[in-house]
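Because the structure is a prediction, the values reported are computed rather than measured. Order of the sequence lines sets the chain letters (A, B, ...), proteins ahead of strands, with each chain counted from 1.
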There are 2 protein chains.
Amino acid sequence: MIKDRFADAITPAGSSPAAAGAEEADIGAINDILGFHIRLAHGACLRHFTETFADLDLTQKQVSVLWLVDDHPGIAQTDLAQRLRMDRATTMAIINRLQAKHFLRRDRSEKDGRKQALHLQPEGIAMLARAKQAIAEHEAWVKSRFTDKEVRQLIELLSRIHE
Amino acid sequence: MIKDRFADAITPAGSSPAAAGAEEADIGAINDILGFHIRLAHGACLRHFTETFADLDLTQKQVSVLWLVDDHPGIAQTDLAQRLRMDRATTMAIINRLQAKHFLRRDRSEKDGRKQALHLQPEGIAMLARAKQAIAEHEAWVKSRFTDKEVRQLIELLSRIHE
DNA sequence: TCTGCTTCGTAGGCAAGGCATACAATAGGA
DNA sequence: TCCTATTGTATGCCTTGCCTACGAAGCAGA
């Protein structure tokens, strides 16, 4: 399990045959860790997303929330949190920011006094429209390295993790 | 430890008009967004990782750094940052935390006075050994839903994104 | 009806990351 | 030697994630 600790940067650790001469991206056995690749891929996506949305000044989470509120007018914060796998407190913070920008509003639910019904404001609708264009651009960047079949495959595999 | 995030599997009726037909995981067209699935999968991994490493009090990044320093004794912070796709400043913060725990030390590089050569301390070596066991556990959890072939496939696909 | 439990939103706090800027020391090339 | 690039460092800001606690509202049973 524990590798030779005197190994140099060039050492092939026995995990990757290509590591012998290829010094550049040799990160050893960590390359076999699936979670590691998920993190790196996520990081790469996040960076590109942030760049793409720099003008709009929106984060991934914020866009996701706008999108879902648009898809489900009157949705409650708890429901939103469940769909996006977020904490209630975290959801609060995001909704607060979006509300501060007048992208959406909270209405007390008529059916359940505990809930807040969320609705997009005109400014939110306009922003979402712009955001969807940016998302298309971002998605094109991600998908450019895959065939359609591979995209479907990748989504299917990833779904098994988060479902 | 008890989390209320996934408390109920059944969506409360009447929460949204769209919830009527396609109940549970209906998040609309957002389901076709590859980036969305990457984020969710990453989030699920991160949560499980954090749980698994609660006893060790280590984060993903910290483990990655320990691992890489072990694989490449004397590595510089910049090199580390490049391999993990991190900012120099971010790397600093992580190294600082690991140094505060006496897991590693900074030595001025002999070849290049600007660089810091990083080496694990005995405590770091011991911790890494424990961490690798926890990682094996965590990886088993992630991989449990895939065949070996699918794992290789998934890693290959994800690699195209972050390379 | 009253009572106790649950759910939902809210508030405050804390840690970790990510990123930007600025600065000092060192290397290396012109 | 001088100029520039690299490296580490220090600061600060923002977002996310999670925890605890609390009040308001719904709900179910005594």
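Residue contacts for A:Ala93: at a heavy-atom cut-off of 4.0 Å it reaches no nucleic acid atom on any strand shown.
One interatomic measurement links the two molecules: CZ of B:Arg39 to P of D:dT15, which rounds to 16 Å at whole-angstrom precision. What separates CG of A:Leu80 from P of D:dG17 is a distance of 13 Å, to the nearest Å. Regarding A:Asp87, its CG atom lies at a distance of 17 Å from the P atom of C:dA15, rounded to whole Å. Atom CG of B:Asp79 is separated from atom P of D:dT6 by 15 Å (rounded to the nearest Å). Between the CZ atom of B:Arg85 and the C1' atom of C:dG17 there is a distance of 17 Å, given to the nearest Å. Going from atom CG of A:Leu56 over to atom C1' of D:dT15 covers 17 Å, rounded to whole Å. Atom P of nucleotide D:dA10 and atom CD of B:Gln99 are separated by 10 Å, given to the nearest angstrom. In this structure, CD1 of B:Ile95 is placed 9 Å from P of D:dG8, rounded to the nearest angstrom.
B:Ile38 contributes atom CD1, which lies 3.5 Å from atom SG of A:Cys45 (distance to the nearest 0.5 angstrom).
For the pair B:Thr50 and D:dC18, the criterion of a side-chain N or O lying under 4.0 Å from OP1 or OP2 is not met. Contact check, A:Arg106 against C:dG9: no side-chain N or O comes under 4.0 Å of OP1 or OP2. A close approach under 4.0 Å does occur between a side-chain nitrogen or oxygen of B:Thr59 and OP1 or OP2 of C:dG17.
Listed nucleotides: D:dT7, D:dT9, D:dT15. Nearest to the side chain of B:Gln77: D:dT9. Listed candidates were C:dC19, C:dA11, D:dG8. Nearest to the side chain of B:Met92 is D:dG8. Distance from the side chain of A:Arg97 is smallest for D:dT15 among the nucleotides D:dT15, C:dC19, C:dA11.
Neither side chain, A:Arg88 nor A:Gln77, offers a donor N or O lying under 3.5 Å from an acceptor on the other. Under 3.5 Å, the side chains of B:Gln99 and B:Arg106 contain a donor-acceptor pair of N or O atoms.
Cation-pi geometry between B:Arg39 and A:Phe49 is satisfied (NZ or CZ under 6.0 Å from the ring centre, within 45° of the ring normal).
Between B:Glu156 and B:Arg160 a salt bridge is recorded (basic side-chain N to carboxylate O distance below 4.0 Å). The residues A:Asp148 and A:Arg152 are annotated as not salt-bridged, no charged nitrogen and carboxylate oxygen being separated by less than 4.0 angstrom.
Taking for each of B:Gln116 and A:Gln60 the nucleotide of DNA chain D with the nearest heavy atom, the 5'-most of the two is the partner of B:Gln116. Each of A:Ile94 and B:Gln82 has a nearest nucleotide on DNA chain D; the 5'-most of these lies closest to B:Gln82. If B:Gln62 and A:Ala117 are placed on DNA chain C by their nearest nucleotide, the residue sitting closer to the 5' end is A:Ala117.
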Base versus backbone protein contacts along nucleotides 22-30 of chain C [heavy-atom cut-off under 4.0 Å; B, S, -]: ----BS---

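Side chain of A:His37 to backbone of A:Asn31: a donor-acceptor contact under 3.5 angstrom is found.
Counted within 6.0 Å of CZ on A:Arg130, heavy atoms from surrounding residues, nucleotides or ligands total 12 or fewer; the atom is thus considered open.
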